[in-house]
Amino acid sequence: QVELVESGGGLVQPGGSLRLSCAASGRIFSINGMGWYRQAPGAERELVAIITSDGIPNYADSVKGRFTISRDNAKNAVYLQIDSLKPEDTAVYYCYGKLKRFPYSYNYSDYWGPGTQVTVSS
């Protein structure tokens with residue numbers, strides 16, 4: 001069993017900051033990409049940021065310069081520092097991991113956390 005659990009969401013005023021954390025636990029052999037997606041009410045889930053196992057990040061254009069993704073491979077964790085928050089950043093943020101559970105696993109599989117709510121409002 002593999003579990004990804006997010007934390008750090010909440011209510012914040014426009015211009016504020018939050019730091020989201022996600023840790024993967026369970027039977028894990030190797031993690032490739034980790035990242036964050038978000039889904040606003042009535043919208044499709046969209047990529048926010050993703051980071052390779054070597055620490056190379058990639059961001060959605062809408063968050064470049066405001067969001068910073070990082071990871072700690074020793075802790076199987078990924079983080080998202082969110083600055084200069086805007087009301088349009090309001091969404092449920094989902095942690096994502098592409099991982100292998102066993103050394104003999106043929107492919108990496110996608111795993112998701114349950115999500116954490118981020119609400120930006122004055």
Side-chain angles (χ1 to χ4, degrees):
Q1 192 78 358
V2 172
E3 188 177 41
L4 276 67
V5 179
E6 306 96 338
S7 62
L11 173 63
V12 63
Q13 293 186 343
S17 297
L18 280 176
R19 186 172 189 255
L20 305 184
S21 300
C22 172
S25 61
R27 185 72 178 264
I28 299 170
F29 171 70
S30 173
I31 302 179
N32 193 345
M34 297 189 79
W36 295 90
Y37 284 69
R38 68 185 180 185
Q39 187 167 19
E44 294 187 354
R45 190 174 297 190
E46 63 175 0
L47 172 68
V48 174
I50 197 162
I51 187 168
T52 69
S53 57
D54 295 330
I56 299 172
N58 192 25
Y59 298 95
D61 288 341
S62 59
V63 307
K64 283 180 180 177
R66 300 188 299 121
F67 289 21
T68 303
I69 190 170
S70 60
R71 65 187 282 176
D72 185 335
N73 291 335
K75 296 181 179 180
N76 290 337
V78 62
Y79 310 96
L80 188 68
Q81 177 67 39
I82 310 175
D83 298 318
S84 303
L85 276 157
K86 304 176 181 180
E88 51 263 42
D89 294 319
T90 295
V92 177
Y93 284 70
Y94 296 92
C95 175
Y96 161 83
K98 184 177 286 290
L99 61 91
K100 283 186 179 180
R101 294 190 61 200
F102 307 102
Y104 50 79
S105 298
Y106 187 74
N107 291 316
Y108 285 87
S109 299
D110 297 338
Y111 289 84
W112 296 89
T116 186
Q117 178 70 46
V118 172
T119 302
V120 185
S121 175
S122 55

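Worth knowing before you read on, the calculation uses all heavy atoms, side chains too, and leaves out hydrogens, waters and symmetry mates. This is a predicted model, so every value here is computed, not measured.
- Atom CG of N32 sits about 5.0 Å away from atom OG of S53, to the nearest 0.5 Å.
- Remark: E46 engages R38 in a salt bridge (Lys or Arg N to Asp or Glu O under 4.0 Å) (not counting sequence neighbours).
- Looking at heavy atoms from C-beta onward, V48 lies in side-chain contact with Y93 at the 4.5 angstrom threshold.
- Checked against side chain to side chain contact (heavy atoms under 4.5 Å, CB included), V5 has the following partners two or more places apart in sequence or in another chain: E3.
- In this structure the side chain of L85 never reaches within 4.5 angstrom of the side chain of P14, judged on heavy atoms.
- In the hydrophobic clustering of ILVMFWY residues, with side-chain heavy atoms under 4.5 Å counting as a link, L20 and V12 come out together.
- When L80, T68, I69 are each tested for a side chain to side chain contact (heavy atoms under 4.5 Å, CB included) with I51, only one passes: I69.
- In terms of the side chain to side chain contact (heavy atoms under 4.5 Å, CB included) criterion, residue partners of F102 (sequence neighbours excluded) are, by chain and number, R27, Y104, S105.
- In the hydrophobic clustering of ILVMFWY residues, with side-chain heavy atoms under 4.5 Å counting as a link, V78 and I31 come out together.
- At a threshold of 4.5 Å between side-chain heavy atoms, the hydrophobic network of Ile, Leu, Val, Met, Phe, Trp and Tyr places W36 and V92 in two separate groups.
- Evaluation of the side chain to side chain donor-acceptor pair (under 3.5 Å) rule for D83 yields S17, Q81 as partners, not counting sequence neighbours.
- No side-chain heavy atom of I56 sits under 4.5 Å from any side-chain heavy atom of N58.
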**Q.** Criterion side chain to side chain contact (heavy atoms under 4.5 Å, CB included) on V2 and L99, from CA distance to verdict
**A.** CA-CA 10 Å; V2 172; L99 61 91; 3.9 Å; yes

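- Both L18 and F67 belong to a common hydrophobic cluster when Ile, Leu, Val, Met, Phe, Trp and Tyr are linked at side-chain heavy-atom distances under 4.5 angstrom.
- D54 is linked by a salt bridge (Lys or Arg N to Asp or Glu O under 4.0 Å) to nothing, counting only residues two or more places apart in sequence or in another chain.
- Residues meeting the side chain to side chain donor-acceptor pair (under 3.5 Å) test with S30, sequence neighbours left out: Y108.
- Atom-to-atom distance recorded for K64:NZ and Y59:OH is 10.5 Å, nearest 0.5 angstrom.
- Residue pairs satisfying the salt bridge (Lys or Arg N to Asp or Glu O under 4.0 Å) criterion with at least one member in residues 108-122, sequence neighbours excluded, are listed as follows: K98-D110.
- Taking hydrophobic clusters as Ile, Leu, Val, Met, Phe, Trp and Tyr residues chained together by side-chain heavy-atom distances below 4.5 Å, I50 does not share a cluster with M34.
- Proximity of a side-chain donor or acceptor of R71 to a complementary backbone N or O of T52 within less than 3.5 Å is detected.
- By the side chain to side chain donor-acceptor pair (under 3.5 Å) test, R66 pairs with D89, sequence neighbours left out.
- Under the rule for a side chain to side chain donor-acceptor pair (under 3.5 Å), Q39 has no partner lying at least two apart in sequence or in another chain.
- Considering only residues two or more places apart in sequence or on other chains, Y79 meets the ring pair (Phe, Tyr, Trp, His ring centres under 6.0 Å) condition with none of them.
- The salt bridge (Lys or Arg N to Asp or Glu O under 4.0 Å) pairs that include a residue from residues 9-24 number zero, where partners must be two or more places apart or lie in different chains.
- For the pair C22 and Y94, the minimum side-chain heavy-atom distance is 4.5 Å or more.
- Applying the 6.0 Å contact sphere to CD of E88 captures more than 12 heavy atoms from other residues, nucleotides or ligands.
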Determine all donor-acceptor pairs shorter than 3.5 Å in which one atom belongs to a side chain in residues 111-122; sequence neighbours excluded.
{"from": "T116", "atom 1": "OG1", "to": "G9", "atom 2": "N", "distance (Å)": "3.3"}
{"from": "Q117", "atom 1": "NE2", "to": "A91", "atom 2": "O", "distance (Å)": "3.4"}
{"from": "Q117", "atom 1": "NE2", "to": "T119", "atom 2": "OG1", "distance (Å)": "3.3"}

